[in-house]
**Student:** 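Dumping the structure here so I can ask a few things about it.
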Amino acid sequence: MALTEFGLIENYFTELGPADNTLLPLRVGDDCALLNIPAGQQLATSIDTLVAGVHFPAQADPYNISRRALRVTVSDLAAMGAQPLAFTLALTLPAADPDWLAAFSRGLRADAEAFAIALIGGDTTAGPVLTITIQVLGLVPAGAALLRSGARPGDAVLVSGTLGDAHAALACLEVADAELNAEQRYWLDRYYTPAPRLALGAALRGLASAAIDVSDGLAADLGHILRRSAVGAVLELDTLPLSDALRIHPQARTFALSGGDDYELCFTVPAGRLAETLALAQSLNLRLTRIGTITREPTLLGRNGGGDPTPLSADGYRHF
Ligand code: ADP
Ligand code: MG
């Protein structure tokens, strides 16, 4: 890799760098990246690693792999109410295949432009398993970041978009393209290109009492809010938002409650601000659903229809 490292970076990654951004004065190529942080802003940063065969199929389309890698990390910025600024990319490659790299770079470029996030550096190594690490850097007004710790009894619990689609996709990752039906295509699209809810996160600053992005499943991720906030919740299970594509699936509700990879935002707002929160759905053109209520008793309960709330099974907290 040493022989080709610089050519590889020059060919596939330098063009994703910043252009005319006073906050990012350097292009890729120095020993460090430099960032100018505006007064009154905090730098928000998060890092995610995707390993071939663990987090995506090794044979997946590289155009999709890079987009998914960037999107799942940018989603953490959304969950904090931060705006994307820059990212770094650490790549471990079994081989330097030009076709693979070109498609990977094209996907990354498309989404870096879409989310206004510039590549400012990275590391490239040869190694046995394709591994992609992306660190994102974002800006948030000082003191305004959305945390997991602010939920209070009586707050409404809401979620954006629909849940469970990406989990349904896991069963079709290896299905030949020609054999996919319309629903499976939709699930796969949700899996490979989750939409970081950046506009929602920004709108929730000063409004939401707590927020998280749903990466491990609603029950598990809401559980993080509950523990950090020392509260519990009752979920109205028949309100969990399902896509038309998932509704037909026999396990739709289980996937919505416990399946991960959707990268929607789960958040809480004081009851008195529920109406203005729900009104955001229209201005953001994004489905927002109230799915439950925060309670003083620190347990997570679920209720079906008008029934009594019962503790959600441990499965709700475990990965599949
Ligand atoms: P050093 O030896 O000083 O750590 P490297 O040889 O690893 O530097 O990298 C040279 C330059 O290329 C640095 O500016 C680094 O940030 C950048 N770079 C290396 N790999 C990548 C990558 N995958 N994506 C973006 N920039 C990269
Ligand atoms: Mg290096």
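Whatever order the structure lists ligands and atoms in, that order sets their numbers, starting from 1. Keep in mind that what you see is a predicted model, and the values were worked out from it rather than measured.
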**Student:** What atoms of ligand 1 come closer than 4.0 angstrom to any heavy atom of T124?
**Tutor:**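 Numbered from 1, ligand 1 contributes 19 (C), 20 (N), 21 (C), 22 (C), 23 (N).
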**Student:** Give the atom numbers and elements of ligand 1 that come within less than 4.0 Å of a heavy atom of D123.
**Tutor:**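 What qualifies from ligand 1 is 7 (O), 19 (C), 20 (N), 21 (C), 22 (C), 23 (N).
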**Student:** Based purely on interatomic distance, does G122 place a nitrogen or oxygen under 3.5 Å from a nitrogen or oxygen of ligand 1?
**Tutor:**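 Between G122 and ligand 1 (N or O atoms, distance only) the closest approach is under 3.5 Å.
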**Student:** Show me the donor-acceptor pairs within less than 3.5 Å that the side chains of residues 23-32 make with the rest of the protein, sequence neighbours left out.
**Tutor:**
none

**Student:** When you measure from the side chain of S229 to the backbone of R148, do you find a donor-acceptor pair of N or O atoms at a distance under 3.5 Å?
**Tutor:**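 Side chain of S229 to backbone of R148, a donor-acceptor pair under 3.5 Å: yes, one is there.
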**Student:** Determine the interplanar angle of the F104 and F13 rings, folded into 0 to 90°, and report it as parallel if under 30°, tilted if 30 to 60°, perpendicular if over 60°.
**Tutor:**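 If you compare the ring of F104 with that of F13, the planes turn out perpendicular.
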**Student:** At a 4.0 Å threshold, what atoms of ligand 1 neighbour a non-hydrogen atom of L119?
**Tutor:**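 Those qualifying, in numeric order: 24 (N), 25 (C).
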**Student:** Would you mind running through ligand 1 and noting each atom that sits below 4.0 Å from a heavy atom of V28?
**Tutor:**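 The list of qualifying atoms is 12 (O), 17 (C), 26 (N).
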**Student:** Please list, one pair per line, the donor and acceptor atoms closer than 3.5 Å that link side chains of residues 83-101 to other protein atoms, with sequence neighbours excluded.
**Tutor:**
unit_1, atom_1, unit_2, atom_2, d
T92, OG1, T125, OG1, 3.1
D97, OD1, D99, N, 3.0
D97, OD1, W100, N, 3.4

**Student:** Under a 4.0 angstrom heavy-atom cut-off, which atoms of ligand 1 come close to D31?
**Tutor:**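 That gives atoms 3 (O) of ligand 1.
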**Student:** Side-chain donor-acceptor pair under 3.5 Å between Q135 and T45, yes or no?
**Tutor:**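 Checked: Q135/T45 side chains pair up, N/O donor to acceptor below 3.5 Å.
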**Student:** Tell me the contacting part of L89 for ligand 1: side chain, backbone, both, or neither, using a 4.0 Å heavy-atom threshold, strictly below.
**Tutor:**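 Looking at L89 and ligand 1, atoms from backbone and side chain both fall under 4.0 Å.
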**Student:** Which of the numbered atoms in ligand 1 are below 4.0 angstrom from a heavy atom of D30?
**Tutor:**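 This gives 13 (C), 14 (O) as the contact atoms.
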**Student:** For ligand 1, which is the ligand I care about here, please tell me if I120 has any N or O atom under 3.5 Å from one of the ligand's N or O atoms.
**Tutor:**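 The answer is no, given that I120 and ligand 1 share no N or O pair closer than 3.5 Å.
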**Student:** With atom 25 (C) of ligand 1 as the reference point, say which of C32, G121, A90 has the nearest heavy atom.
**Tutor:**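 Among C32, G121, A90, the closest heavy atom to atom 25 (C) of ligand 1 comes from G121.
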**Student:** Applying side chain to side chain contact (heavy atoms under 4.5 Å, CB included) between D221 and each of L226, V159, I212, report the one that passes.
**Tutor:**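 Among L226, V159, I212, the one that satisfies the side chain to side chain contact (heavy atoms under 4.5 Å, CB included) with D221 is I212.
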**Student:** Would a distance-only check, ignoring hydrogens and angles, find a side-chain to backbone donor-acceptor pair under 3.5 Å from D262 to V214?
**Tutor:**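 Looks like no, no N/O pair under 3.5 Å.
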